[in-house]
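Atoms considered below: every heavy atom in the structure, side chains included; atoms not considered: hydrogens, waters and symmetry mates. Each chain gets a letter, A, B and so on, in the order its sequence line appears, and its residues count up from 1.
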There are 2 protein chains.
Amino acid sequence: MPKITFFNLPEDKRENLVHAAKKEFARVPLYQASISNIIKDAKIPRGSFYQYFDDKEDAFFYLLNSHVSSYKQHFLETLRKNNGDIFDAMIDFYTTIITEVKENLQFLRNLFLNMTHRIENVMARSFGENDLNEDFKKISNLINKERLNIQDEDELFHMMQIISSVTFHNIVKKFAGELPFEEALNNYRTEIYLLKKGFVSG
Amino acid sequence: MPKITFFNLPEDKRENLVHAAKKEFARVPLYQASISNIIKDAKIPRGSFYQYFDDKEDAFFYLLNSHVSSYKQHFLETLRKNNGDIFDAMIDFYTTIITEVKENLQFLRNLFLNMTHRIENVMARSFGENDLNEDFKKISNLINKERLNIQDEDELFHMMQIISSVTFHNIVKKFAGELPFEEALNNYRTEIYLLKKGFVSG
DNA sequence: GTTGACGTGTGACACGATGTCATATACAAT
DNA sequence: ATTGTATATGACATCGTGTCACACGTCAAC
């Protein structure tokens, strides 16, 4: 978490700094980002940066969290819009991610191509990292379970784990492979379809 | 790839260096590893390191590749041993990974908790990263498709993609959560079971 | 209006890591 | 011996990090 000093900053100065950080993390992934670039761009002295943040990661995760919150919101709306059909909602959501633009897209690209567990952990909260999780319950309540071949909450939890693994991986492959939109979407659709019908007949 | 000089090295000196590198990459993930530590441990001068490798990553991926080759071998044997039952083979293989010991375990831990796309790409070759892939064909030929609810090679490819996404993610969660062996295995079994039966009834 | 306390701003600095390069050494071939 | 080629070496320039002593500004108390 950023320090209190950061939140006490006059809005324009704070936004300026945030923008410089965003720019740097859109340029390169976390481990290659440099504080020097951020402060040069934001035109603040080195010491000031350390008044606001513990270090590079602190700034990064602050930005990441705000991204995640907004995507979380968006996902819940998407799920509602699709009347609780989790599969349609995922495809919808997947489309949103891979059609982001400009700086946001670069940020996401660096994010997904360098998805350490620590980062994944922050993101996965949207999908419910553990079964006591508030977000998981919210999602669970929205899901239409009528035609789901799922026995209990535990299976539902693991179903969500699987879906998010597959979704993450598809996003990574889209970003890595520079696949055209249609191809990426078809791949994802195929995999969701396979998940629905299952691998074993009978 | 390491330079020719590296392969010309007398065996004991080379192994000594490899061991020092392994130790460093078992200590911390790639992005935190330091060449200084490696050369200190291997007792070679700084300049020599750069005679053998381009940089830190070069050394890392050399080690990684040798790990992957051996696991690839092991996976094919496992699949044969399980008479082409891909699901049993995966559970078998998963067990192997999470019960590795000592230095190997730490290396894998750092690997999976910091799985960038570049690393995943190297690993995924064992599972067949693209359908023209030699390894994918080998695996495909070994798989018993009798009871599989799979129409064609494309679906098979995506099935493998899904299985590897889920497997990777389970390994990450095991390492991150420090889950006891039994719990980790049960989680993985549940997810494989769900993949087999499918999410939608009918 | 002087003082002191507190929060904040600042940049020089010590430290550590990287990759390079000029020079030294070993050794084989002639 | 001489020359050529491969390898060894460590000092060095460069860059990024995090810290620290000091400067500044505000405000309340006296």
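For D:dT9, the OP1/OP2 oxygens have a side-chain nitrogen or oxygen of B:Ser48 closer than 4.0 Å. For C:dG9, one of the phosphate oxygens OP1 or OP2 lies less than 4.0 angstrom from a side-chain nitrogen or oxygen of A:Lys13. OP1 or OP2 of D:dC15 has not a single side-chain nitrogen or oxygen of A:Ser36 nearer than 4.0 Å. Residue A:Arg46 places no side-chain N or O under 4.0 Å from the OP1 or OP2 atom of C:dA12. Residue B:Asn8 places no side-chain N or O under 4.0 Å from the OP1 or OP2 atom of D:dA6. Taking only side-chain nitrogens and oxygens, B:Thr5 never comes nearer than 4.0 Å to OP1 or OP2 of D:dA6.
Contact annotation for B:Tyr52: backbone-only contact, meaning every heavy-atom pair under 4.0 Å involves sugar-phosphate atoms and none involves a base.
Per the geometry, CZ belonging to A:Phe49 stands 11 Å off C1' belonging to D:dG18, to the nearest Å. Nucleotide C:dT8 holds its P atom 14 Å from the CD1 atom of A:Ile44, rounded to whole Å. Note: CZ (A:Phe53) to P (D:dG18) measures 13 Å, nearest angstrom. Rounded to a whole Å, the CG atom of B:Asp54 is 14 Å from the C1' atom of C:dT20. A:Tyr50 places its OH atom 13 Å from the C1' atom of C:dG11, with the value rounded to the nearest Å. Between the CG atom of A:Asp58 and the C1' atom of D:dT17 there is a distance of 15 Å, rounded to whole Å. If you measure from atom CD of B:Glu24 to atom P of C:dA17, you get 10 Å, rounded to the nearest angstrom. What separates OH of A:Tyr31 from P of C:dA17 is a distance of 19 Å, to the nearest Å.
When each of B:Phe175, B:Phe112, B:Tyr188 is paired with B:Phe168, the ring pair (Phe, Tyr, Trp, His ring centres under 6.0 Å) condition holds for B:Phe112 and for no other.
Of all nucleotides listed (D:dG16, D:dT9, C:dT18), D:dT9 comes nearest to the side chain of B:Pro45.
In this structure, A:Asp41 contributes its side chain and A:Asn37 its backbone to no donor-acceptor pair below 3.5 Å. Looking at B:Asn16, its side chain never comes within 3.5 Å of a backbone N or O of B:Asp12 through a donor-acceptor pair. Of the possible polar contacts, one joining the B:Asp58 side chain to the B:Met1 backbone as a donor-acceptor pair under 3.5 Å is found.
With the nearest nucleotide of DNA chain D identified for both A:Asn37 and A:Gln51, A:Asn37 has the one nearer the 5' end.
The pair B:Arg118-B:Glu57 meets the salt-bridge criterion, since a charged nitrogen lies less than 4.0 angstrom from a carboxylate oxygen.
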